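Shown next, in structure tokens, is the structure this report addresses.
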Amino acid sequence: MAINPKLGQLARAPARAMLRATGLDDDALSRPFVAVVNTHTDVTPCNMHLKDLAEHVRQGIRDAGGTPIEFNTIAVSDGISMGTEGMRASLISREIVADSLEIAVRGHPIDAVVGISGCDKTIPGTMMGIGRLGIPGVALYGGSIMPGQHRGQDVTIQDVFEAVGACAAGHMSHDELDKLERSACPGAGSCGGQFTANTMSLTLTTLGVSPMGANDLAATHPQKTDAAYQVGRLAVEALAANRVPRALVTEA
């Protein structure tokens with residue numbers, strides 16, 4: 001039996017009352033809701049800047065005619081947990097990211113979704129969650145870290161890993177390793193090399209779930225915030241066109 005649309009509107013009054021408490025007005029409530037699912041955390045440079053990046057995504061959604069609704073999930077840094085008991089949590093974290101994204105979006109009247117990721121497992125985690133929802137969605141990668149500088153040379157976290165071995169073998173002093181450790185990671189962004197995060201970000205672009213070029217920009221690149229803004233707009237455009245990731249990410 002069909003539900004009278006007017007009765008349906010009446011029945012949603014309590015939900016609207018709660019949404020109004022968050023600051024949404026009549027205009028915001030009349031627009032499509034676009035979830036911004038973030039993996040921000042300040043435990044790792046890979047994800048520590050994503051809160052700021054999300055603000056630009058949200059503005060892009062607003063300017064394109066949508067209402068952004070932000071959720072947050074978790075992240076486990078492989079670079080920090082490696083070699084410890086914490087590494088057992090890494091792969092599991094991918095499933096938690098995917099599940100929490102899907103649950104948060106399914107549990108609310110959401111029309112489209114943007115997933116923002118950084119460290120290794122958050123990228124496939126957000127992609128899996130977006131793909132399972134079956135609604136329009138876009139993914140954005142926070143970007144790679146810039147190289148550090150040590151003795152006039154570009155260095156990355158890989159140089160630190162290699163230096164640990166060199167120090168253990170007696171080919172490098174502890175003081176030199178300490179100096180390298182302090183200079184290798186200059187700020188926000190995922191591990192600077194073609195490791196898991198940057199490789200997976202290329203996969204998002206190749207599959208068509210991220211716009212061309214957005215993920216290639218480093219975390220601190222001056223155009224990164226504009227790329228985030230455009231991703232917000234793109235999510236609303238994808239909704240208008242009913243373009244869902246499942247149509248792009250096929251088995252073939």
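Positions are given from 1, in the same order as the sequence printed here. The shown structure was predicted, so the numbers you read here are calculated from the model rather than taken from an experiment.
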| note | Taken to the nearest 0.5 Å, the spacing of T122 OG1 from I116 CD1 works out to 10.5 Å

| request: Take Q158 and E162, measure what side chain to side chain donor-acceptor pair (under 3.5 Å) needs, and give me the verdict at the end. | output: CA-CA 6 Å; Q158 179 171 327; E162 292 175 355; 3.1 Å; yes

| Is the side chain of N38 donor-acceptor paired with the backbone N or O of L50 at a distance under 3.5 Å, no angle test? | yes

| Sub-4.5 Å side-chain heavy-atom contact between I69 and H108 | no

| task | In plain terms, say whether R94 and D120 are close enough for a salt bridge, that is, a side-chain N and a carboxylate O under 4.0 Å apart. | result | no

| Common cluster, V36/V138, ILVMFWY with side-chain heavy-atom separation under 4.5 Å | yes

| Test item: D159 side-chain N/O and T156 main-chain N/O as donor-acceptor pair under 3.5 Å | yes

| query | Looking only at atom types and distance, does a side-chain atom of R243 sit under 3.5 Å from a main-chain N or O of A235, one as donor and one as acceptor? | reply | no

| Does a side-chain heavy-atom distance below 4.5 Å link L140 with S117? | no

| task | Under the salt bridge (Lys or Arg N to Asp or Glu O under 4.0 Å) rule, what do D99 and R132 come out as? Steps first, then yes or no, please. | result | CA-CA 9 Å; D99 290 349; R132 294 194 309 224; 2.7 Å; yes

| With a 4.5 Å limit on heavy-atom distance, are the side chains of P68 and Q59 in contact? | no

| query | Looking only at heavy atoms, which two atoms of F71 and A35 are closest? And how far apart? | reply | CE1-CB, 4.0 Å

| Polar contact flag, side-chain donor to acceptor under 3.5 angstrom, T73-S100 | yes

| Looking at K51 and E70, does any basic side-chain N land under 4.0 Å from a carboxylate oxygen? | no

| message | Would the distance check show the side chain of K224 and the main-chain N or O of A214 forming a donor-acceptor pair, the cut-off being under 3.5 Å? | response | yes

| If you measure only the distance, is there a donor-acceptor pair under 3.5 Å linking the side chains of N47 and T41? | no

| query | When hydrophobic residues are tied together by side-chain contacts of less than 4.5 Å, even through go-betweens, does V249 share a cluster with L204? | reply | yes

| said: Does any part of the side chain of L24, heavy atoms only, come nearer than 4.5 Å to the side chain of R20, both counted from C-beta? | reply: no

| request: State whether a side-chain donor-acceptor pair under 3.5 Å links H150 with E176. | output: yes

| request: First locate atom CG of L180, then atom CZ of R151, and finally report the distance between them rounded to the nearest 0.5 Å. | output: 10.0 Å

| CG-CZ distance between D26 and R31, expressed to the nearest 0.5 angstrom | 12.0 Å

| query | Do K121 and V97 come within less than 4.5 Å of each other through their side chains, counting heavy atoms only? | reply | no

| task | Return yes if some donor-acceptor pair links the side-chain N/O of H49 with the main-chain N/O of G142 below 3.5 Å, else return no. | result | yes

| Without hydrogens or angle criteria, can the side chains of D63 and Y229 be said to hold a donor-acceptor pair below 3.5 Å? | yes

| So, Q230 versus R233: side-chain donor-acceptor pair below 3.5 Å or not? | no

